[in-house]
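Counting starts at 1 for both ligands and their atoms, following the listed order.
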Amino acid sequence: MHIRETRPDDLPALFALRAQTRENALGVEELAGYGITPESSAAAMQRDEIKGWLCEADGSIVGFASGDRASGEMLVLAMLPDYEGRGIGKALLDHVVGWLQSLGHARIWLVANPDPTVRAHGFYRHCGWTATGELIGGEEVMEYRGVQPRSAA
Ligand SMILES: CC(C)(COP(=O)(O)OP(=O)(O)OC[C@H]1O[C@@H](n2cnc3c(N)ncnc32)[C@H](O)[C@@H]1OP(=O)(O)O)[C@@H](O)C(=O)NCCC(=O)NCCS
């Protein structure tokens, strides 16, 4: 298992992975509807606006996460089903949170599925995130104001 920084040429594989999560899956076409494509993300990465990390295991990419430099938003975190529950999601989250905090963001935020039965709901709370009570498009806004993760790059 190896975590490394995401490169623009990884993005097509990451979009394919995002469609394969057990819960909260998002397909390539659905994301394109929001204007989010491998090409737009690669361009944002090359402009240094977004940055991410991915995990490789058993010869392929099994999870990834990224954040937005200007806003302090955690943009995405996704694991393949067979690799959930091994601490990789938390490790990827820590990399993004650590990077955003190193930029001076005291508050890191994200939007998440408010359904308490999905894994992400308990995961973020377990990792020290809190719901603000605000909803954006039916998704709940969560924030993290905690200490910088030790494992972060
Ligand atoms: C949510 C997700 C990223 C979690 O990744 P993961 O690799 O399975 O989580 P981890 O194994 O790193 O869990 C880290 C910690 O959170 C805890 N945890 C995870 N889910 C939990 C839950 N629902 N309730 C309480 N604790 C939970 C784990 O027990 C672990 O605790 P520990 O560090 O004390 O041992 C993963 O399930 C996923 O990709 N889901 C589908 C996509 C998705 O929903 N992404 C988020 C969109 S907003």
At less than 4.0 angstrom from any non-hydrogen atom of [X], what atoms of ligand 1 do you find?
{"X": "Met79", "answer": "5 (O), 7 (O), 38 (C), 39 (O)"}
{"X": "Lys90", "answer": "12 (O), 14 (C)"}
{"X": "Gly87", "answer": "10 (P), 11 (O), 12 (O)"}

Using a 4.5 Å cut-off on heavy atoms from C-beta on, say whether the side chain of [Y] contacts that of [X].
{"X": "Tyr83", "Y": "Asp58", "value": "yes"}
{"X": "Glu84", "Y": "Phe123", "value": "no"}
{"X": "Arg22", "Y": "Arg119", "value": "yes"}
{"X": "Ser41", "Y": "Phe15", "value": "yes"}
{"X": "Met142", "Y": "Met74", "value": "no"}
{"X": "Cys127", "Y": "Tyr124", "value": "no"}
{"X": "Trp99", "Y": "His95", "value": "no"}

Over 12 non-hydrogen atoms of neighbours within 6.0 angstrom of CG in Asp115: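 It does: Asp115 CG has more than 12 such atoms within range.
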
So for ligand 1, is [X] a polar contact partner (N or O within less than 3.5 Å, distance only)?
{"X": "Arg119", "answer": "yes"}
{"X": "Asn113", "answer": "no"}
{"X": "Asn24", "answer": "yes"}
{"X": "Gly89", "answer": "yes"}
{"X": "Ala91", "answer": "no"}
{"X": "Ala120", "answer": "no"}
{"X": "Val118", "answer": "no"}

So which heavy atom in the protein is nearest [atom], and how far is it from that ligand atom?
{"atom": "atom 25 (C) of ligand 1", "value": "Gly122 O, 3.7 Å"}
{"atom": "atom 15 (C) of ligand 1", "value": "His126 CD2, 3.6 Å"}
{"atom": "atom 38 (C) of ligand 1", "value": "Glu84 OE2, 3.7 Å"}
{"atom": "atom 18 (N) of ligand 1", "value": "Phe123 CA, 4.1 Å"}
{"atom": "atom 45 (N) of ligand 1", "value": "Leu77 O, 2.8 Å"}
{"atom": "atom 42 (C) of ligand 1", "value": "Glu23 O, 3.5 Å"}
{"atom": "atom 6 (P) of ligand 1", "value": "Gly85 N, 3.7 Å"}

Whether Arg22 lies under 4.0 Å from ligand 1, heavy atom: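 The answer is no, since Arg22 has no heavy atom less than 4.0 Å from ligand 1.
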
Ligand 1 contact on [X] by region, counting heavy-atom pairs under 4.0 Å:
{"X": "Phe64", "answer": "neither"}
{"X": "His121", "answer": "neither"}
{"X": "Ala78", "answer": "backbone"}
{"X": "Thr21", "answer": "side chain"}

Steps toward side chain to side chain contact (heavy atoms under 4.5 Å, CB included) verdict (Met45, Asp10): CA-CA 11 Å; Met45 192 172 282; Asp10 294 315; over 6 Å; no

Single hit among Val76, Ile36, Thr37 for side-chain contact (heavy atoms from CB on, under 4.5 Å) with Leu31: Ile36

